[in-house]
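A quick note: this is a predicted structure, and the numbers were derived from the prediction, not measured. Chain identifiers are assigned alphabetically (A, B, ...) following the order of the sequence lines, protein sequences preceding nucleic acid strands; residue numbering begins at 1 within each chain.
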Amino acid sequence: MHNLAELQLTKNGELRHFLTPEGLDRLMLERILDTADSFVVVGNQEVKKVPLLRGRTVVNLFFENSTRTRSTFELAAKRLSADVLTLDIKTSATSKGESLLDTLQNLRAMHSDMFVVRHGDSGAAHFIAEQVTPDVAIINAGDGRHAHPTQAMLDMLTIRRHKGKFEPLSVAIVGDILHSRVARDQIHALKTLGCTDIRLVGPNTLMPQGIDSMGATTHNNMESGIDGADVVIMLRLQTERMASAFLPSAGEYFRLYGLTTERLAQAKPDAIVMHPGPINRGIEIESAVADGPQSMILNQVGYGIALRMAVMSMAMSGQMQQRQAQALVSSSLKGEAQP
Amino acid sequence: MSIIIRGARLIDPGQQLDQVTDLHIKNGNIEAIGDLTGLNAASEINAKGMILSPSFVDILTYLRDLNQIQKGTIVSETQAAASAGFTQLCASPDTQPCSDAGSVISMVNNKVVSAGFCDLLPVAALTKELKGTQLSNMEALARAGCIGFSNASYDISDNNILLRCYEYAATFGLKVFVQAQDQQLGDGHMHAGATATRMGLDGIPVIAETLAISRHLLLMQHTGVSGHFNQLTSAKGVNLIRQAKAQGMNITADVGVAHLCFTDTAIDGYRSQYHVQPPLREETDRKALLAGIKDGTIDAICSAHQPHESAAKCAPFAATATGMAIYDMLIPLIQGLVDAGDLTWALAIQALSYNSAAIAVGKTPKLSVGEEANLTLIDTSHYWTLNSSSQLSHGTNQALANQNLKARVKLTVKRGLVSYQM
């Protein structure tokens, strides 16, 4: 298997890129969550800034539209006192490769320290970290249907803050697993953090081939899928799925897989309900549930800023350590060359 | 020109020949086979431990050139082909401009002839511009020397058109070459399986191949056209061909060397060098392809050589070009299969030479006195490193770049003349 730990960590095991939780060990994921916990407090203070990224330049590169993720990353970087540049870049389908390379090389020449990347192609952040700008910290803000690690980790933070340990938990992820970059990272993170009962719920058209090999069970029936669950994660259903024949109608989807008060009663009485947002009321979730006491949907948004602050500060510090180590090596090499 | 190759292991699957002896080439032909101690020639090669076989015929390759010289030229790629033991090449009609007219084909042929490394066995476009709407001038193209017709990797989804293509080809006894993959189901970037799911890449399911094979088989049966399937990928696909052959259908099939050696897990980490079409599948499929060669379901091994410039592979995976530059690593890849016990050199030679010649030109090569000398000599214990100075193809998409490899062609002889020598 490709070594994702090597790519994401420095030689000393510090985070330098955050592309996916896959390949990172439990200790590292817990460190991310612990650091995020400390930033949750910062968000509650009168003055919300900390100087961790002062003098550093963070570039938000959004090749795909996103309002929420972009704004939480921007806010997170500003609360860390970084200089932030946000670029919305629309790519033409024909020249994706070229424009991506050119854009990145230009931004690199401006001595940026961190790129936060959202791109429509799976593996885009990986490509940038590996081949284009290895000396700039890369945070994956969503690539194709592959990964959305900060969303998955903020979900882990939500679960840990409200449910404690992961080992005894049953977690159901409901909906469009096929197109979901969040679901894949949630499975990796849940498994690494010790959760052993991960259930994926949806019709066969939205269930990717071979997903069970990732360590989750698949369920076509909503009732049995969420039966006795501690955590129910609802995924967003894009309306274009109906036009492309994955589903007959929003109405039928809601009837079969929508989370209603009645259905939620199948889960544990203290089960929490999560959703990466934005929610489609009446398509994947009933308003009474979304706004109800078990819903964590708005808590997730707040934790999202803290989690992103954690990952950005950790990756920046890992990247700086690596740069210093490299500078040390090259200066000692120069020293040897001189008589 | 007189060459004596001494002490080689002669393998000729057509005659069940596998014997260590000497071979003398003179005036373009095989002059003598046997113990030639005492005989001298202008050029002598000590081939102890090496394999000598009829030269190879590539049933599918991409020559680039014309408007794609950044990927490779006819000179560079035919020389690379000669260095892999080939003397005859069936080039895909997917050229720019498209090989749907006699003028384009003769232009390509002239370039191949003047390069002098290999002979071209032209495969022309089945439909004009490969668009799947209008028939190409098949009869005229066949008279101009085209050995068959193919729509390259472009599926003709309209059954009416495909039926007429086959009816028309059958009228004149022409052969069709098919890359069987359904257009809609084939709209992905790698094999649909656990690896694609984990990496979030759009998958191409096995049904994309089996559905297309079944459809082509039915239309071939209905029209009586002689068909050849290029680049099988799956165990289920091999089974369909096996069943059709058992029913007595006049069909043949090949497999790309990449599909014999690699699986979808090689793509892990978004390795664009393994981005090929049709896609690399799973280990069970790879084993079934090897079994298909052993039991004769799969007749030939093709290179499907597709050189690219470095920029074509340097992008997020889905945006990268498909295909692998194969020629420089073909012999080491086969040697790897032989060393792993997956294949024997006798079977490989049958698939690369004897059977592919039978499919392409209807004539099989023979290692016997009086025959034209078209030969490949392989040093199976030569160790070397594949890098920019040792490779001959202009393609930078070498999956095994900078690796230490075993086995290499020592000598390729085309009509009695040396077309490549290590």
**Asked** Minimum heavy-atom separation for H119(A) to P316(B), with atom names?
**Response** CE1-CG, 4.3 Å

**Prompt:** So, for G269(B) and E130(A), which heavy atoms are closest and what is the spacing to 0.1 Å?
**Reply:** O-OE1, 4.1 Å

Tell me whether the count of non-hydrogen atoms from other residues, nucleotides or ligands lying under 6.0 Å of [atom1] in [X] goes above 12.
{"X": "E6(A)", "atom1": "CD", "value": "no"}
{"X": "K236(B)", "atom1": "NZ", "value": "no"}
{"X": "L218(B)", "atom1": "CG", "value": "yes"}

**Asked** Do S272(B) and F127(A) have side chains that get closer than 4.5 Å, going by heavy atoms?
**Response** no

**Message:** What residues of residues 203-217 of chain A make heavy-atom contacts with chain B at a cutoff under 4.5 angstrom?
**Reply:** P208(A), Q209(A), G210(A), I211(A), S213(A), M214(A)

**Asked** Within residues 173-191 of chain A, which positions have a heavy-atom distance to chain B below 4.5 Å?
**Response** R184(A), H188(A)

Return the [atom1] to [atom2] distance between [X] and [Y], rounded to the nearest 0.5 Å.
{"X": "M199(B)", "Y": "T20(A)", "atom1": "CE", "atom2": "OG1", "result": "12.0 Å"}
{"X": "S122(A)", "Y": "R198(B)", "atom1": "OG", "atom2": "CZ", "result": "12.5 Å"}
{"X": "Y270(B)", "Y": "L19(A)", "atom1": "OH", "atom2": "CG", "result": "9.5 Å"}

**Item:** side-chain contact (heavy atoms from CB on, under 4.5 Å) assessment of R145(A) paired with L201(B)
**Value:** CA-CA 7 Å; R145(A) 55 173 79 164; L201(B) 291 170; over 6 Å; no

